[in-house]
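Everything below concerns the one structure shown next.
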Amino acid sequence: MAPHEAAGLISPTPLLVVHGDADTFFPVDHAHQVFDAAREPKELWIEPGYGHAESAATPALIRRVGAWISTNATKDRTFPA
């Protein structure tokens with residue numbers, strides 16, 4: 001299954017798409033395709049100067065992602081059976 005197809009199936013689980021504008025493996029359009037296919041709740045961060053995946057993640061970005069997870073994963077959600 002392509003990432004954009006999977007993204008549409010995970011709601012109501014929050015989705016954070018983090019993509020760098022300097023990623024040499026996947027163009028920024030890929031992040032937009034995944035984000036556009038997802039249902040709410042969703043958020044898209046395009047990071048300036050960020051390359052590909054964890055090899056380019058700065059400690060500050062990791063902290064921001066962690067804070068996002070803490071905020072969004074703890075919300076009271078009802079998950080389908």
Side-chain angles (χ1 to χ4, degrees):
M1 178 179 293
H4 71 278
E5 293 170 344
L9 301 176
I10 67 168
S11 180
T13 301
L15 176 67
L16 173 61
V17 178
V18 180
H19 194 88
D21 67 356
D23 189 327
T24 57
F25 293 101
F26 297 101
V28 174
D29 290 348
H30 184 258
H32 287 282
Q33 182 184 37
V34 170
F35 180 77
D36 291 344
R39 293 182 283 157
E40 295 293 341
K42 62 183 181 175
E43 194 165 336
L44 173 63
W45 299 352
I46 302 298
E47 296 296 311
Y50 179 66
H52 184 72
E54 64 280 350
S55 63
T58 63
L61 179 58
I62 297 300
R63 285 190 295 274
R64 282 180 52 216
V65 170
W68 186 93
I69 291 168
S70 292
T71 299
N72 290 279
T74 58
K75 292 180 180 174
D76 183 25
R77 302 199 183 279
T78 302
F79 293 93

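Proximity of L16 to N72: side-chain heavy atoms (C-beta onward) are nowhere separated by under 4.5 Å. Side-chain contact between H19 and F35 is absent, with no heavy-atom pair separated by less than 4.5 Å. Residues L61 and W45 have side chains in contact (heavy-atom distance under 4.5 Å, counting atoms from C-beta outward). A 4.5 Å side-chain heavy-atom check between E47 and T58 finds every atom pair outside the cut-off.
Under the 4.5 Å side-chain heavy-atom criterion for grouping Ile, Leu, Val, Met, Phe, Trp and Tyr, Y50 is connected to V65 within one hydrophobic cluster. Taken together through direct or relayed side-chain contacts under 4.5 Å among Ile, Leu, Val, Met, Phe, Trp and Tyr, I62 and I46 form parts of separate hydrophobic clusters. When hydrophobic clusters are built by joining Ile, Leu, Val, Met, Phe, Trp and Tyr residues whose side-chain heavy atoms come closer than 4.5 Å, directly or via intermediates, F26 is not grouped with V17.
In terms of heavy-atom proximity, A38 sits nearest to L15 at CB-CD2, 3.5 Å. Pairing each heavy atom of L44 with each of A31, the nearest pair is CD1-CB, 4.0 Å. Of all heavy-atom pairs between P41 and P12, the closest is CD-O, 3.5 Å. Contact detail for H30 and P3: the closest heavy-atom pair is NE2-CG, 4.2 Å.
I69 CD1 to R64 CZ: the interatomic distance, rounded to the nearest 0.5 Å, is 12.5 Å. Separation of atoms CD (E5) and CD (Q33) is listed at 9.0 Å; rounding is to 0.5 Å.
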